[in-house]
Number of protein chains: 2
Amino acid sequence: MKYSASKENHLKSIFHLQHEQGLVTTNALAAALQTRPASVTDMLKKLKEQKLLHYERYKGFRLNNEGRKAAVQVIRKHRLWEYFLVKKLQFGWDEVHEIAEEMEHISSKELVDRLDAFLGYPATDPHGDPIPDSMGRFSQQKQLGLSGVPLNKPVRVSGIAQQTTEMLELLQYHHIHLGTRLEVKKKFPFDDSLEVKIGNRPPVAISAQVAKNILVKEEEK
Amino acid sequence: MKYSASKENHLKSIFHLQHEQGLVTTNALAAALQTRPASVTDMLKKLKEQKLLHYERYKGFRLNNEGRKAAVQVIRKHRLWEYFLVKKLQFGWDEVHEIAEEMEHISSKELVDRLDAFLGYPATDPHGDPIPDSMGRFSQQKQLGLSGVPLNKPVRVSGIAQQTTEMLELLQYHHIHLGTRLEVKKKFPFDDSLEVKIGNRPPVAISAQVAKNILVKEEEK
DNA sequence: AATAAAATTTAGACAAATCTAAAATTAAAA
DNA sequence: TTTTAATTTTAGATTTGTCTAAATTTTATT
């Protein structure tokens, strides 16, 4: 199945919204796509026609299996191209979104799978969001904030929630990057700050505010 | 300036046709684009409106400077992506055209220039067609058939005219690829076959039929 | 529960790109 | 040089995706 760029955009946004909301509303989708509620309604009819989602008028909507599959393929493409742009073409992590918005609509499945191989099957994009595999499966482990990690459990940085320049600068200073191994050695209940071992360095203090923005996954063996 | 995919396709095809024809005709363009003459006329009006070509009704048309510039940028993108697909993603030379037809419409100029750098500023695409540089300039040397090359002049393979599988297989056997250095050591007027030194190997015989399909350029120092 | 507000959908319009069928123009043949 | 044939253009329709304004339905408030 091949869908228009506009349909792919709708599917993708619905997918993201329904993770937060369950049932998605017309207004929410219109806001996410920077379009008008009336336009969303028009598109919903077409997507329902093509059996990509459940939708009853005035009642909200959510993707069915077909729709979810299509959405995930678009997300896969988007994230792989972002990874390519940053890792191979040296773009900054904050410059790639718009370009990837265009590239995600290139249709060849073969292309995407070869790109995946060329990049070494990356698990997350440059923002730390997981890249689904060729079958549409997301790596099952989920990200959690560093704040919620048990003491002495080895974890790996898999994403940064609030990507401000200041935040990035601070992380840079502490040598914390995507993929960096961390261990929480101590928690201070007074201000919820943490003492964290970063790679093999001596432990340093990390504020609660920063910690909750560092997303990690359990270390795979 | 940014143009729709359809407009870019029209500009690109006109560019190619006017190299062969000078003035381009409505029917010729319709055939090249697999569309209808009436549709071409419609588009011509729009492109003239945007001052991308000279056009008088019933009289034919050709790109002006603006139009040529736009067309060349599309061609540049197409050929760079083809090169990427073959050299980095291991596609066969005969599998990449359709995909590149889609990728050539990605708009970011920055992307194209970085891709160019990433690929090492290749001079020709996998079919041997020249890749214009960032300013839209084509490398000036032109390709000639191996048959027409003077004795003992070092040349480099820059393209293959008739890309049949059989032809490619034969070239593979002789270790002749894009970029291979060749020297014609002897010509046999009887059958117009050549004795050719390939890289540093001992010379081998190449038939006239094959030779005229091997496109080369004078070796740059 | 009645009414006001918010959300959603419909109706009708528009732009882009295409098409078919008919008309206009140019080129070729008798 | 007429007449015929081929090419090109126009006129009007269609599809996709969008919009505004008005109507409908749901939700929230008094």
Side-chain angles (χ1 to χ4, degrees), chain A residues 1-14 17-18 20-63 67 70-71 74 101-102 104-107, chain B residues 1-14 17-18 20-63 67 70-71 74 101-102 104-107:
Chain A
M1 305 303 111
K2 227 186 101 177
Y3 308 106
S4 71
S6 177
K7 279 179 186 165
E8 288 192 343
N9 285 334
H10 280 77
L11 294 171
K12 186 180 54 152
S13 285
I14 297 169
L17 287 171
Q18 75 185 17
E20 299 160 14
Q21 302 191 4
L23 260 203
V24 183
T25 67
T26 303
N27 266 359
L29 184 51
L33 289 170
Q34 311 238 68
T35 181
R36 297 305 186 149
S39 310
V40 166
T41 302
D42 289 342
M43 185 57 86
L44 288 174
K45 285 192 217 154
K46 294 174 199 164
L47 294 176
K48 181 179 187 180
E49 182 71 27
Q50 277 172 86
K51 301 206 202 312
L52 293 166
L53 42 72
H54 302 289
Y55 165 53
E56 271 178 279
R57 59 206 230 305
Y58 294 107
K59 296 284 187 66
F61 45 92
R62 64 175 187 288
L63 298 179
V74 179
E101 284 292 300
E102 281 188 66
E104 74 190 3
H105 302 298
I106 306 289
S107 58
Chain B
M1 306 303 111
K2 227 186 102 177
Y3 308 104
S4 71
S6 177
K7 279 179 185 165
E8 288 192 343
N9 284 335
H10 280 77
L11 293 171
K12 187 180 53 150
S13 285
I14 297 169
L17 287 172
Q18 75 185 16
E20 299 161 14
Q21 301 191 5
L23 260 202
V24 184
T25 68
T26 302
N27 266 358
L29 184 52
L33 289 169
Q34 310 238 68
T35 182
R36 297 304 186 150
S39 310
V40 166
T41 303
D42 290 343
M43 185 57 87
L44 288 175
K45 286 191 217 155
K46 294 174 199 164
L47 295 175
K48 181 179 186 180
E49 182 71 26
Q50 277 173 85
K51 302 207 203 309
L52 293 165
L53 43 72
H54 301 289
Y55 165 52
E56 271 178 278
R57 60 204 229 306
Y58 293 108
K59 296 283 187 68
F61 44 92
R62 64 175 187 288
L63 299 178
V74 179
E101 284 291 301
E102 282 187 66
E104 73 190 5
H105 301 298
I106 306 288
S107 58

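Values in this document were obtained by computation on a predicted structure and should not be read as measured data. Reminder, nothing fancy here: chain letters follow the sequence lines and each chain counts from 1.
With sequence neighbours excluded, the residues satisfying side chain to side chain contact (heavy atoms under 4.5 Å, CB included) with A:A28 are A:L17, A:Q21, A:T25. For B:Q18, the side chain to side chain contact (heavy atoms under 4.5 Å, CB included) partners at least two apart in sequence or on another chain are B:I14, B:V24, B:R62, B:L63, B:R68. The side-chain hydrogen bond (donor to acceptor under 3.5 Å, both in side chains) check on A:S4 picks up nothing, with sequence neighbours excluded. Remark: A:T26 engages A:P37, A:V40, A:T41, A:L44, A:F61 in a side chain to side chain contact (heavy atoms under 4.5 Å, CB included) (not counting sequence neighbours).
The stretch residues 27-41 of chain B comes close to DNA chain C through B:T35, B:R36, B:A38, B:S39, each having a heavy atom under 4.0 Å from the strand. Only A:M43, A:K46, A:Y58, listed by number, bring a heavy atom of residues 43-63 of chain A to less than 4.0 angstrom from any atom of DNA chain D.
Each salt bridge (Lys or Arg N to Asp or Glu O under 4.0 Å) pair with one or both residues in residues 1-12 of chain B, not counting sequence neighbours, appears once here: B:E8-B:K77, B:K12-B:E101, B:K12-B:E104.
Of the inter-residue distances, the one linking B:H10 atom NE2 with B:L29 atom CG reads 5.5 Å to the nearest 0.5 angstrom. For the atom pair NE2 of A:H105 and CD1 of B:I106, the computed distance is 9.0 Å after rounding to the nearest 0.5 Å.
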Throw together a table of side-chain donor-acceptor distances under 3.5 angstrom for residues 47-60 of chain A, partners on residues two or more places apart or in other chains.
{"from": "A:K48", "atom 1": "NZ", "to": "A:Y55", "atom 2": "O", "distance (Å)": "2.9"}

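Atom-to-atom, OH of A:Y3 to P of D:dT16 comes out at 15 Å; the value is rounded to the nearest Å.
For the OP1/OP2 pair of D:dT9 and a distance below 4.0 Å, the side-chain nitrogens and oxygens of B:T26 include at least one atom meeting the criterion.
Of all nucleotides in DNA chain C, those with any atom nearer than 4.0 Å to a heavy atom of chain A start and finish, going 5' to 3', at C:dA7 to C:dT10.
Within the helix from C:dA1-D:dT30 to C:dA30-D:dT1, the inter-axis angle between the opening and closing five-pair segments is 10°, rounded to 10°.
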